[in-house]
K.L.:
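Structure below; questions to follow.
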Amino acid sequence: MASLISSYFPIPGSKVDQLSSHSQKHYFLHSFLPKKSNQTRSKSAQKFKCAAIGNGLFTQTTPEVRRIVPEKNSLGLPTVKVVYVVLEAQYQSSLTAAVQSLNQNGKFASFEVVGYLVEELRDENTYKTFCKDLKDANIFIGSLIFVEELALKVKAAVEKERNRLDAVLVFPSMPEVMRLNKLGSFSMSQLGQSKSPFFQLFKKNKSSAGFADSMLKLVRTLPKVLKYLPSDKAQDARMYILSLQFWLGGSPDNLVNFLKMISGSYVPALKGTQVEYSDPVLYLDTGIWHPLAPRMYDDVKEYLNWYGTRRDANEKLKSSSAPVIGLVLQRSHIVTGDESHYVAVIMELEAKGAKVIPIFAGGLDFSGPVEKYFINPVTKKPFVNSVVSLTGFALVGGPARQDHPRAVEALRKLDVPYIVALPLVFQTTEEWLNSTLGLHPIQVALQVALPELDGGMEPIVFAGRDPRTGKSHALHKRVEQLCTRSIKWAELKRKSKTKKKLAITVFSFPPDKGNVGTAAYLNVFASIYSVLKDLQKDGYNVEGLPETAEALIEDIIHDKEAQFNSPNLNIAYKMNVREYQRLTPYATALEENWGKPPGNLNADGENLLVYGKQYGNVFIGVQPTFGYEGDPMRLLFSKSASPHHGFAAYYSFVEKIFLADAVLHFGTHGSLEFMPGKQVGMSDVCYPDTLIGNIPNVYYYAANNPSEATIAKRRSYANTISYLTPPAENAGLYKGLKQLSELISSYQSLKDTGRGTQIVSSIISTARQCNLDKDVDLPEEGEEISANEHDLVVGKVYSKIMEIESRLLPCGLHVIGEPPSAMEAVATLVNIAALDRPEDGISSLPSILAETVGRDIEDVYRGSDKGILRDVELLRQITEASRGAITAFVERTINKKGQVVDVADKLSSILGFGINEPWVQYLSNTKFYRAHRDKLRVLFQFLGECLKLVVADNELGSLKQALEGKYVEPGPGGDPIRNPKVLPTGKNIHALDPQAIPTTAAMQSAKVVVDRLLERQKADNGGKYPETVALVLWGTDNIKTYGESLAQVLWMIGVRPVADTFGRVNRVEPVSLEELERPRIDVVVNCSGVFRDLFINQMNLLDRAVKMVAELDEPEDQNYVRKHALEQAKELGIDVREAATRVFSNASGSYSSNINLAVENSSWNDEKQLQDMYLSRKSFAFDCDAPGAGMTEKRKVFEMALSTAEATFQNLDSSEISLTDVSHYFDSDPTNLVQNLRKDEKKPNAYIADTTTANAQVRTLSETVRLDARTKLLNPKWYEGMLSSGYEGVREIEKRLTNTVGWSATSGQVDNWVYEEANTTFIQDQEMLNRLMSTNPNSFRKLVQTFLEANGRGYWETSEENIERLRQLYSEVEDKIEGIDR
């Protein structure tokens, strides 16, 4: 093993010149021990080619290691051939032993056997061998076949031979495979339809855990009953059940008797031979097992008595003060003798002084045993301090159907940290070590994503698999880390609060003093202050905490030693180089990228510096940044650099000098979880794993960002606790826009008098002053327009203004532990009410109101979009009535202080009497007085539930639970408007089952958006469809919308997803051109690094879909995918499948194109450099034909595909994040790049789909940037909301301006007036300028610098005096920061 762990590992496919000095030396990923320098590069590079060797698949093993051919026997015995297919290899050694023993004592037959792991059947050659093996087989056995595409392969092969085979035995698998069962007259071909108890098990509504339990009960009782029934059918059914008992009993003895029974009863060559077999040896279904115990226990008291009398254990282990760790094991590993990895964990825990209670279950439901053995039946308190599941499966339901609510209920009763570690299932140890992806995607879906829904955390790979024997073996370094971490979590439950040490980590991005405490939507220092006050009250030692949040900021961002405002932060610790090297075993591995320590980041030339401040037992530290954000050369590297010495020193300090019991990462998000390493299933040389070390990691993450939260869970082992984004409000109108709205209402009342024309011309000139002429076609100055056209012009302007007014904005920043007041929740409820929820039988409020006046809300939306004045007006009335009715409802549920009191009581009294319902009262005074009472009542009942959730607050409560070593309840992340289940916050955020998307509803929404996009592009493109669209897939968007943007790609190329029996999507089929009624559009898909990590299965699906479409025999003018793939194949000299590569992302372990870092840090020379970053970092392709090879660089195909794009496209899916709020959107925008790659240098049209409201829109990028500027950056409601947060608010304003420059750089779609108005708002207004400068001088300096940069790069033309004023301001603020008074 040691040699494997430190195998030499150059970067696959890296070009030496491209990596410059960065990687011309040896590159170690798998060892912290430097190798001898005489190893030559070429040799070692050949030594590692494992990621893409052989068949390019994850699973490289071969069934030949499971083949036993009997020696020729002199007795002329018949040969029985058995072929088996299983999910995991744990049966391999047991079956092999059984067959060898039968052949040695061969009295009646010789046995030939060959076994396949279901994953091996992906390989075409292996599948052919499998089909060939079946041709002369007597018996087929299958078990746990739950992956649809492979289940269908097994079904196809076995079906051909089923009638000829003597016996077909399939144990729990997908129904399609279960139907193959055949033993004499017993068959399951009617599975799912018949009334027999057996088939009832498979009914959809049964949870699979219930299924497994009832199956086990049946297995116990049926043979006894069936024994006395005379018919053959009953005897054959009994044989099947006995077979299942033998199989579940898994020991070599059981399997010997199983083979004897089946072959003796069903193989014709043995008819008349007396084959004696014994009954199955039955093991406990559930119990406690310890490798040194004399037997399995069914009673925890008996087990603990034995434990207390152990002679081999020392007194410390027997003492009542030892931590107790519960382990959850799979019985099949124990009975088949494949348990060495379990033994290693038990021994390691005991060696570290912890007691263990290892429990097992024979079925797939562990919730019963957890409650039975881990909870004291008398006191109801847990026997254990933390629990580690070594099965890798969800607590209830294993690989089949899960029952998460049941699992959560059991874990809530237990109330201790719940860790789910992983044994490798589909890969051998070597395959995993050499894979840049890490874990096999199917294992990620089954054993990482599903346990997260139970609240499981820390997916540490603790066991590998031997390619020869198929047995599991412990990975000792990983076992050691798993055991240490589980004991650390257990200690949190046992240690007193006064002694507990907590390291709060804040972020500073981009690195600048004005940015300390960056986090999405969060007022970080006010939140930390509120958390610390609460912890202090609770008994934690927070000595010396300042009086206010402002003083806390001062403490951390100023070096108290310096005389003036210093450019430095407060230094908490100086670590000399020798100490750093002693505490950081991997320090030498970092020298590759950063030279010898201390380096020049977070260092003073001699020491490494840790910034922060300690208060009692709480340390508040500033996490260093990536370190390469200011270096344009490093930003061009296609793979991200390792952390620098200062970064490593920070975590060494927290763990080994400050001795933190837990670290609390504060807000979304830092750099730890985005450091290089495998995507999922870290090894001990992946940087997130080595940096976090053994510290329990608690992480506050924004509830609307489940995708990055999931990366933090999987890569840095975080217990992620959600916080609310600030309550949304409508943007409202201000200045000229407000004036316009007043003019429009006077037009409506006076249009039929003589003043109509005059008002229209005022509307047109005011609209011009507000720069609306880019969004609305306005007549030229002095142009005569007819009275009929008046309405249309006014309607279009009105529609635009309503769009701006009703746009949702999060106002201000959230403070942890301060839920919104009820009135602040009104806008959120209005938006929750605006969506139809057919699955819950709830109609949206706008649709109920539109019906009242005989209209369909969709028609009203369409009319309003076109600017039809009466529809715009009707939509405004509907919007106002919705707000009014909901406000009336909320006012009735609050007390005098504005708090929501017991909503349930209030609601029942409100909902009791039809006439008094506040919404009905409100609507009775509007034109919608006849609205449908019952529909309204159903909707408002739902809104009442939502209101309770919005104002509930558990953010502080959950943090305290985590710090006390309790269970934090899991909950989905996402958009609370689409999915109110995200509330209340303070849950352990999880994503979703990656195989569940796209859903049917997502596919419906996607069609609408794609059709609108193509219509819009046709209108802008002379009636022609775009041949290629370049688009982006984001992780969070696809979680929130259940795969809408993924479905858009599928619909563009004209395919539809096909779900299996369990609702999982692993297949697609083409939609006919007749049904599509348009050509198939070619796509270039850029997946974010986060999407790649979370949805690798879906990338596989997409790649398969595109390649399938490229191979369809269709005319090229109807299939642009095929047209371009054929052209590109010819030009590049490759086959069509490879030329049809369209699914791209970063290299594994790297994220973003780095354009965002370059723009935020002004570290770029020209746009060409930004485009080179995009191409070098985003040109890694996923190949469904060789998924095991991970992401491989295919830059030429990427460039050629992009060069055909006529449109670029992104999605906005929730109100709180728009184009200028985060840098990710422009970081992924290829608009200018495509123009440079196109032969005709034509700029593609850039579109943004906005599905943030029920009325989905497709706008151009420039329209969206303008809408964003009007509703945020230039909107007093927004910037005053931000400034009310003080220091952090100034930074938020600066960030929006920087992101606007980012859009100028990547797309050139920002109008000059946006910069001009921003300058007027923030620089020319002296009072505003003073506020900004005094509140956060560092961020104000960056704001001024950004204005100057926008001008210098040619994005903003303005007067010389404006520029002079900015230069002057810049030197003034510089002096202020340096502390120089002139």
Side-chain angles (χ1 to χ4, degrees), residues 21 503-518 552-615 619-631 633-634 641-660 663 670-672 675 687 690-691 693 1157 1161-1163 1337-1338 1341-1342 1374-1380:
S21 62
I504 295 181
T505 299
V506 297
F507 314 118
S508 169
F509 216 82
D512 177 293
K513 216 165 135 176
N515 289 331
V516 174
T518 339
L552 183 68
I553 299 178
E554 290 297 312
D555 259 8
I556 289 163
I557 69 170
H558 290 320
D559 181 350
K560 286 290 177 262
E561 299 304 305
Q563 280 181 303
F564 302 111
N565 284 350
S566 75
N568 283 334
L569 303 170
N570 189 59
I571 296 169
Y573 189 78
K574 291 184 176 180
M575 187 183 290
N576 66 42
V577 172
R578 187 172 286 170
E579 182 179 29
Y580 163 67
Q581 286 169 327
R582 180 172 56 80
L583 297 177
T584 317
Y586 52 95
T588 43
L590 312 183
E591 292 177 16
E592 175 85 51
N593 286 308
W594 303 99
K596 293 262 180 236
N600 55 8
L601 294 160
N602 289 63
D604 61 6
E606 289 172 37
N607 304 298
L608 287 145
L609 306 177
V610 176
Y611 293 119
K613 181 85 177 158
Q614 189 168 337
Y615 301 103
F619 167 66
I620 302 176
V622 182
Q623 185 190 66
T625 57
F626 284 112
Y628 49 76
E629 51 279 318
D631 178 348
M633 282 318 296
R634 280 179 190 269
S642 69
H644 56 81
H645 296 296
F647 203 100
Y650 177 83
Y651 283 95
S652 293
F653 166 80
V654 167
E655 182 176 1
K656 295 169 183 170
I657 293 173
F658 175 66
L659 300 174
V663 61
S671 326
L672 168 70
M675 285 294 170
Y687 289 114
T690 44
L691 288 160
L1157 299 183
N1161 295 280
S1162 308
S1163 48
N1338 293 73
R1341 169 175 60 181
K1342 176 79 167 87
E1374 281 274 69
D1375 289 350
K1376 185 178 163 91
I1377 289 170
E1378 298 296 331
I1380 303 167

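Residue numbers count from 1 along this sequence. What you see below is based on every heavy atom in this structure, not just the backbone, and it leaves out hydrogens, waters and symmetry mates.
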K.L.:
How about Ser642 and Tyr586: do any of their side-chain heavy atoms sit closer than 4.5 Å?
P.N.:
no
K.L.:
When you measure from the side chain of His644 to the backbone of Pro624, do you find a donor-acceptor pair of N or O atoms at a distance under 3.5 Å?
P.N.:
no
K.L.:
Looking only at non-hydrogen atoms, find the nearest pair between Ser652 and Thr584 and report the distance.
P.N.:
OG-OG1, 2.8 Å
K.L.:
Would you please test Leu590 and Tyr687 for side-chain contact (heavy atoms from CB on, under 4.5 Å) and show each step?
P.N.:
CA-CA 10 Å; Leu590 312 183; Tyr687 289 114; 3.6 Å; yes
K.L.:
Is the shortest side-chain heavy-atom distance between Asp555 and Asn570 below 4.5 Å?
P.N.:
no
K.L.:
Measure the acute angle between the ring planes of Tyr580 and His645, then classify it against the limits of 30° and 60° as parallel, tilted or perpendicular.
P.N.:
perpendicular
K.L.:
Closest approach of Ala572 and Gly612, non-hydrogen atoms and distance?
P.N.:
CB-O, 3.6 Å
K.L.:
Which heavy atom of Leu608 sits nearest a heavy atom of Pro598, and at what distance?
P.N.:
CD2-O, 3.5 Å
K.L.:
Starting at CG of Leu583, measure out to CZ of Arg578 and round the result to the nearest 0.5 Å.
P.N.:
13.0 Å
K.L.:
Keeping the roles fixed (side chain from Trp594, backbone from Pro643), state whether a donor-acceptor pair exists under 3.5 Å.
P.N.:
yes
K.L.:
With a 3.5 Å distance limit and no angle check, can you tell me whether Asn607 reaches the backbone of Leu609 through a side-chain donor-acceptor pair?
P.N.:
no
K.L.:
Could you measure the distance from the CD atom of Glu554 to the NZ atom of Lys613? Nearest 0.5 Å is fine.
P.N.:
12.0 Å
K.L.:
Take Ile620 and Tyr615, measure what side-chain contact (heavy atoms from CB on, under 4.5 Å) needs, and give me the verdict at the end.
P.N.:
CA-CA 8 Å; Ile620 302 176; Tyr615 301 103; 3.9 Å; yes
K.L.:
Using atom types as modelled and distance alone, determine if a side-chain donor or acceptor of Gln623 lies under 3.5 Å from a backbone N or O of Ser671.
P.N.:
yes
K.L.:
Give the minimum heavy-atom separation between Glu655 and Gly693, together with the two atoms involved.
P.N.:
OE1-CA, 3.6 Å
K.L.:
Decide yes or no for Phe619 and Ile504: does some side-chain heavy atom of the first lie under 4.5 Å from some side-chain heavy atom of the second?
P.N.:
no
K.L.:
Determine the interplanar angle of the Phe653 and Phe658 rings, folded into 0 to 90°, and report it as parallel if under 30°, tilted if 30 to 60°, perpendicular if over 60°.
P.N.:
parallel
K.L.:
To check you understand the geometry: which heavy-atom pair defines the closest contact between Ala503 and Val654, and what is its length?
P.N.:
CB-CG1, 3.6 Å
K.L.:
Using only heavy-atom distances, determine whether the side chains of Thr690 and Tyr651 contain a donor-acceptor pair under 3.5 Å.
P.N.:
no
K.L.:
Is any side-chain heavy atom of Gln614 closer than 4.5 Å to a side-chain heavy atom of Tyr573?
P.N.:
no
K.L.:
If we only count heavy atoms from C-beta on, is the Gln581 to Pro597 side-chain gap below 4.5 Å?
P.N.:
yes
K.L.:
Could you tell me which non-hydrogen atom of Ala649 sits nearest to which non-hydrogen atom of Met575, and how far apart they are?
P.N.:
O-CE, 3.5 Å
K.L.:
Are any of the side-chain heavy atoms of Asn602 and Tyr650 separated by less than 4.5 Å?
P.N.:
no
K.L.:
Around atom NZ of Lys574, are there more than 12 heavy atoms of other residues, nucleotides or ligands at under 6.0 Å?
P.N.:
no
